[in-house]
K.L.:
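Here's a structure for you.
Letters A, B, ... mirror the listed sequences (proteins, then strands); counts begin at 1.
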4 protein chains.
Amino acid sequence: MKLEIVTSAGLAHKSYFLVDNHEALVIDPRRDCEIYTEIAQKYCAKINYIMETHRNEDYVIGSLELQNLTDAEIVHSKETPFKYGEHRIGDGDTFALGRLRVEAVETPGHTNDSICYVVYDSALSKEPLMVFTGDTLFAGDVGRTDLPGLDIWQVQTEKLYRSLHEKLLPLGDHVIVYPGHGAGTICGSKLSDRSITTLGYERKTNPIFQLDKDAFVKYMMGLKLYRPPYFRKMEVYNLNGPPLLKDAPITKKLSVQEFEKTARSPDAIILDTRLPGAFAASHIPGSANIGLDDLAFFPGWVVTHDQQILLVLDHLSEFKTAKTHLQRLGFDNIKGYLCPNIAAWRNKGKPTNHLFPLTPTSLKEKLDRKELALLDVREHNEWDKGHITDAKHIYVGHLAAEAIDLPSDKPLAVICGSGRRASLAASLLRRIGYEDVYNVLGGMNAWKALGYPTVN
Amino acid sequence: MKLEIVTSAGLAHKSYFLVDNHEALVIDPRRDCEIYTEIAQKYCAKINYIMETHRNEDYVIGSLELQNLTDAEIVHSKETPFKYGEHRIGDGDTFALGRLRVEAVETPGHTNDSICYVVYDSALSKEPLMVFTGDTLFAGDVGRTDLPGLDIWQVQTEKLYRSLHEKLLPLGDHVIVYPGHGAGTICGSKLSDRSITTLGYERKTNPIFQLDKDAFVKYMMGLKLYRPPYFRKMEVYNLNGPPLLKDAPITKKLSVQEFEKTARSPDAIILDTRLPGAFAASHIPGSANIGLDDLAFFPGWVVTHDQQILLVLDHLSEFKTAKTHLQRLGFDNIKGYLCPNIAAWRNKGKPTNHLFPLTPTSLKEKLDRKELALLDVREHNEWDKGHITDAKHIYVGHLAAEAIDLPSDKPLAVICGSGRRASLAASLLRRIGYEDVYNVLGGMNAWKALGYPTVN
Amino acid sequence: MKLEIVTSAGLAHKSYFLVDNHEALVIDPRRDCEIYTEIAQKYCAKINYIMETHRNEDYVIGSLELQNLTDAEIVHSKETPFKYGEHRIGDGDTFALGRLRVEAVETPGHTNDSICYVVYDSALSKEPLMVFTGDTLFAGDVGRTDLPGLDIWQVQTEKLYRSLHEKLLPLGDHVIVYPGHGAGTICGSKLSDRSITTLGYERKTNPIFQLDKDAFVKYMMGLKLYRPPYFRKMEVYNLNGPPLLKDAPITKKLSVQEFEKTARSPDAIILDTRLPGAFAASHIPGSANIGLDDLAFFPGWVVTHDQQILLVLDHLSEFKTAKTHLQRLGFDNIKGYLCPNIAAWRNKGKPTNHLFPLTPTSLKEKLDRKELALLDVREHNEWDKGHITDAKHIYVGHLAAEAIDLPSDKPLAVICGSGRRASLAASLLRRIGYEDVYNVLGGMNAWKALGYPTVN
Amino acid sequence: MKLEIVTSAGLAHKSYFLVDNHEALVIDPRRDCEIYTEIAQKYCAKINYIMETHRNEDYVIGSLELQNLTDAEIVHSKETPFKYGEHRIGDGDTFALGRLRVEAVETPGHTNDSICYVVYDSALSKEPLMVFTGDTLFAGDVGRTDLPGLDIWQVQTEKLYRSLHEKLLPLGDHVIVYPGHGAGTICGSKLSDRSITTLGYERKTNPIFQLDKDAFVKYMMGLKLYRPPYFRKMEVYNLNGPPLLKDAPITKKLSVQEFEKTARSPDAIILDTRLPGAFAASHIPGSANIGLDDLAFFPGWVVTHDQQILLVLDHLSEFKTAKTHLQRLGFDNIKGYLCPNIAAWRNKGKPTNHLFPLTPTSLKEKLDRKELALLDVREHNEWDKGHITDAKHIYVGHLAAEAIDLPSDKPLAVICGSGRRASLAASLLRRIGYEDVYNVLGGMNAWKALGYPTVN
């Protein structure tokens, strides 16, 4: 028996390849799924099953994509009317894999079709060895329960409580837990950055397991959670089966002239994937700044699936990563990228904008002199741990909707943790007309490191 | 907290890179240790400690090698008078690593300097999270206890029993176990091919934990274990500190003429790393056949550290792998390799030998007609599970010492599981004068698959 | 101006990427053509033109494939009614590329649609800098003239003479020559292994240029040339436009059981790509042995385009190379490959055959004792330079058609240069019923190195 | 015969690997020379000779480094008292290489020890095939003649004239020329970006060959050439033999704290290799901005060999390239690099500076309003082709020496072609006390593209 963990950075999505005796299954595959066939080749294994822990809402599921490369059968819950797949399962359904037995346990809560897969080494013992918990249980956290609907939030939370206490914990302290996400996912709130845990370690150390049912419900329903708009598209895709990548449009590299022409389309959106400093110094007017790594998530807040994406990259070698990140979120419509880079644009005398970068020290001086308004675009839980007096708080993802209330009589400084989200926010503010925008490089990290005052 | 597992195939050696908050430690590094600095770079971490679970006997420890690339301090037991290293530790000594606390637990048995390292996430709980068990506890097995000396075998076995039951199990069922080896190591006998387990899962399912002390001692002392001669050199190296790889001789690629000349030295040994079929068809007289993957272990049985190694490879691209395998066993004296391959040798009209390959069906016919003697070179535990009547059993590693008793009035067929060890054995037999040697391709695997009879 | 040369080993096909000022063209692209877009990205260039020197007959042209990834226009001769492409050109047609000017020169002979492309750096001079000569002129050789038809061989040869002397040489001694093939191609007979030459160096040193017209015709029409059957398919493909690779079937890795089942199909052919020694020792009955490198060419002799190809590889990592080689010859119907290798087949007790490998010394002894018949499967020009008395000569590619005349009263030894083609020949002989077949490893190279006698 | 060209970007240095019949030579190897042994392995060739065309002055020669990996003999001119090497040669000395003959031709001019190597295919003809011309003849240019000393500039120039006309051209129009540099080198002034040429094409199109001796001398001595200070060190190294890379210090990755501490050393210099925009937005005070690609050359102007180099990189993956570039110039003393990047520095609240980026349009407005002084740091030949009125011209390499005369009453804008050299210049100006410095992103390229006025 071998297990390989495939982690998609940014989304913190974890998928799993389990193999025994040349028979394999994949749990929650991602869309760019050659990696699973490569692993299969390493073990000379046939992928028999593709198993989904639930209808995932934060990325395009790779089940159909992987099935197209193999002869695997797709397995998911009978609770959801999936338009594809071979097995609709529930409590107690089992699958053989070499000497292993994999048993489904229904664990509604995060969604109603949530299923955990318990693995037994039947050659050895009737004791379970490990469990794939999807978005039901994470290391140090549990899955959020608001997504099925705020009207049934309490119902779902109570379901989750029962799933955790009546379905998972009874499997035993010794059982190894493989969750669907690591720290950084939006599907939970306080995940540990550990990549591994056991039911016993969670039972003993996860604060959520120290709560009784009422306290659990109160805690869960008190969380301030974000729901980016692309989730809707993911739900549709993962219910009906997403389009295959081989049918995605071919992305062209574009000369300055071609890029400029394409960008004029009302459907076009320019994503500049450079770091915030480089973006601040000089960028194409109207572009949104989402750093290469952040491309794994933030397009889900600011891009719509019918837009034509144009990329500005630091190095062309980054295109592959950019495309992968976008396609995992279902953004296949990547029209082209500027070749080779922004310097070509500048060398042709094409117009550029810049943002004013600000050090925390300058920020403090300007705030002390009331020369600036300050916008903090971090998440609630970061804001709650300490922010600057008089800062206004709008989460970067909500900026488009809520920016209307911002003061316009003064220049506006934007701050986040280190400057990446602030740069995205600043670029979005420029798109809607705020001209005089500063990005605080170093952000609250630096502010706190310097010992400047914060309030809670 | 992140953990990366670095596995060296062949030796089934597992080393570990543990990092928290940019501080890292490495457990039992291997000699080719750039991989740890690469991982460190990925996490932007400083390697503070290099921790040895014991004076390893089956490979060259990479502690000094890694220290030379970093500023890490080396940690090992106070029980052994190591000639290098900064920390000599025992029960209860602890090291901080970011938010983690790592505590030493002495677990004598496999060796007297065996130490397990228990990891606590002190930010979270006083419960231990995981334990690095070295060669004390494996998934499905425990470390052998005969190496400190057959005269004190029982003493060591009883020590191990206490270490397991009084030191490890009390940590709790939920604790994740990271052992020093996976299946395939010679440091245990019946390891699972699982790469992960917990104390609870071992307690419940590992047959060894179902034994009381007396039964345990009886079981352990009844094991038939192998001890290859290179262990002695490893013990010396790992006590005193092995030579650094940058001082290893440069291996030259050799033309047919140069190869032939070098091979004439009495200290030279030709290792042909091709698969058994290719070797059977045509090889340089006097060469020993150790397939590329087997180079990770079998040179420890048939090469001495003062010999000059000459390689015959299928493809030159395999040289790097061959060198790495050999250097892990301390065989640095790799004189050269034939460039580009055996075809060049043949094209010059240089002499070659061949072995007779045999299918299991032909073997059966010839055995039935008494035309052949049969030698089975597998390990005891394979032999005990079924062998062919009238076969003689000598483990491949013992062949040099024991081959003297083989019948020489008939051709000799050699069999193993699939043909690789048999090919090594056959090549060794040719070196000591047996001319008429067959290798059974497919080996006992095929014999059994065809339903031919075996005895136990 | 930069030029990149893309060589396809085996076919010795040379294609060219020429770029100036971010504008590029590709001459005679191969089918696996991502390499050209990668080069284009390196230079941040737009591929404007794909230029064919003629309707190539020895590989699938990649023009349509490359056009599908770019917006390039395809250029070829007006002499052939191509079913695709944008430009049908003739003498004097020119194309601008940055500061360069590229001019077509019709050079009929090898084919009637042969065109050379002469490059001028118009910013610098009216002197030509270089010429892409396709299959008209090679380093040390010229293109064969028999392919348009043996009935018009003389006509074509005279055309070629005029093209060389009246069209190419007048460009000037200083002009650099970039031909369509290097040594090893079947499109010429005596190419130098130089990758570069000039018109002047050819004029002075190429023996063909020392001949007057009559001597030239006599020489050319005296060549013994091979024409493999797959040429017909290439001609159809390259006239009409070949299928795109994205529509090629997905190749599956096959377990022993699946492989055995698939191989039973009457359309199936097993290609074993291992080296001749490994093949000799043990192979699946009925398989043809074409070494990985030879896969670039020999399938064109022994496989038909409607067969289902099954592969046996030394290492699975070789599959990509195998597929590329096969697809360049238009063999897209690659059903699967045995996973992981022949050892799995043997371990299941499945039937295998072996060939008898023979050293040249044994061959000589057996020939002296008249125990063997000998078949030499090399090319005419190798045979003519020296062969063994009493050997029968059939070129390996013609074996299927001519093998009928072989002696069957004695075992049959097959010889080539080193043993690779002989192994293919031996495997083909086994397929048509010759049981007692030897392969001489080392071949004529070894025979001659040992000083054994040959006749001319 | 095969030739492989190894080009080092930045220096535009071309080295050559020539092989025939498994015998090879390397012309002017670079210091990071594993590439030659890799090529040798590809051809299964033994490198017999390492040949130097002259004592190179612009990079560390790799002869000793390569000799240490092989058994090759080093060949160079008898005119210079080299402290290493096996062959001191002159006119007519020849070396055999397979079927090839390589003959030395003394071509003094660029240096007095300049030697061209002419290659004959002796199996084929007495005509020369190609010539390695070192820094004597380039495509479109010839080597500069001022380096041996301005007092003997004319003497050297006349020598070069004779070498070109009496030694090289007589070899014949058809001879292929392989020079020691491509466009971008400082060893010539007007090289073509062609990578290949012939003696005939140069004779017909190279403007220098249209000049008679007097005009040639006048032209050559009228060139405005740069001589960076690191040349002196290269001359010493390449005369005596440079240190081996395996003895170079190990570079450490440094945390923010370690970096800050190390940077305090008076010998330390921080090289920030990011692009000018990122540098402008935020950088560590005192750092010099040399982009990753420019690291191949500009450290030779601004770093001394006794300084301790500290690197700030965009991505850690760039370290290897940075190190290679620096070591080619002999800068081995690379103390460390900031891990992972500048964001870590900012997040700790450490001080940063920024430069003001300027668009050409803003520059024009500010110049029109006399708000800025302007410094143009391009080379003479760029300046001469058009610059902005009232700009002051100091070449970036001379800035340290000449910056004393700059106006300090106004902010200072720095301009180059696109902004990279201007960023280096601006960073140097900051180091010597100019606070109010602008970098014009897009530079003169953009200025001209926008049609703004220039003067000559």
Side-chain angles (χ1 to χ4, degrees), chain A residues 256-257 272 274-283 285 289 291-293 312 314-315 317-318 321 340-364 416-420 423 438-452, chain D residues 256-257 272 274-283 285 291-293 312-315 317-318 321 340-364 416-420 423 438-452:
Chain A
V256 169
Q257 197 173 9
D272 187 321
R274 296 175 300 148
L275 292 169
F279 183 81
S282 162
H283 56 265
N289 180 219
L292 187 65
D293 295 339
V312 175
D314 237 338
H315 301 282
S317 60
E318 297 168 344
T321 301
N341 53 36
I342 188 82
W345 179 272
R346 291 195 297 241
N347 286 346
K348 296 281 186 193
K350 298 296 177 190
T352 56
N353 273 358
H354 68 279
L355 290 171
F356 306 96
L358 211 56
T359 61
T361 305
S362 303
L363 172 67
K364 187 161 187 306
C416 65
S418 67
R420 282 158 52 174
S423 188
Y438 289 83
N439 177 13
V440 185
L441 293 178
M444 289 302 297
N445 288 328
W447 182 274
K448 290 177 179 175
L450 290 165
Y452 295 163
Chain D
V256 168
Q257 198 173 8
D272 188 321
R274 295 175 300 146
L275 293 169
F279 183 82
S282 161
H283 57 265
L292 187 65
D293 295 340
V312 176
L313 305 159
D314 238 337
H315 301 282
S317 60
E318 297 167 346
T321 301
N341 54 36
I342 189 81
W345 179 272
R346 293 195 296 240
N347 286 347
K348 297 280 186 192
K350 299 295 177 189
T352 57
N353 272 358
H354 68 278
L355 291 171
F356 306 96
L358 212 56
T359 61
T361 305
S362 303
L363 173 67
K364 187 161 187 308
C416 65
S418 67
R420 280 159 52 174
S423 189
Y438 289 82
N439 177 13
V440 185
L441 294 178
M444 290 302 299
N445 288 327
W447 182 275
K448 291 177 179 174
L450 289 165
Y452 294 161

K.L.:
Highest number of heavy-atom pairs under 4.5 Å with chain A: which of D/P276, D/A278, D/A449?
P.N.:
D/A278
K.L.:
Looking at D/K448, I want to see if its NZ is surrounded by more than 12 non-hydrogen atoms of other residues, nucleotides or ligands under 6.0 Å.
P.N.:
yes
K.L.:
Going from NZ on A/K348 to CG on D/L450, what distance comes out if it is rounded to the nearest 0.5 angstrom?
P.N.:
11.5 Å
K.L.:
Would you tabulate the side-chain donor-acceptor contacts of residues 352-362 of chain A under 3.5 Å, counting partners in other chains and residues two or more places apart, or write 'none'?
P.N.:
{"from": "A/T359", "atom 1": "OG1", "to": "A/S362", "atom 2": "N", "distance (Å)": "3.1"}
{"from": "A/T359", "atom 1": "OG1", "to": "A/S362", "atom 2": "OG", "distance (Å)": "2.9"}
{"from": "A/T361", "atom 1": "OG1", "to": "A/Y452", "atom 2": "OH", "distance (Å)": "3.2"}

K.L.:
Of the non-hydrogen atoms in D/G277 and A/A281, which two are nearest, and what is the gap between them?
P.N.:
O-CB, 3.1 Å
K.L.:
By the definition side chain to side chain contact (heavy atoms under 4.5 Å, CB included), identify the one residue from A/N341, A/I342, A/D314, A/L275 that meets it with D/L275.
P.N.:
A/D314
K.L.:
For a quick test of reading the model, state the closest non-hydrogen atom pair linking D/S418 to A/N347 and the distance between them.
P.N.:
CB-OD1, 3.1 Å
K.L.:
Please classify the contact of A/L441 with chain D as side chain, backbone, both or neither, using a heavy-atom distance under 4.5 Å.
P.N.:
both
K.L.:
About how many Å separate CD of A/E318 and NE2 of D/H315, when rounded to the nearest 0.5 Å?
P.N.:
5.0 Å
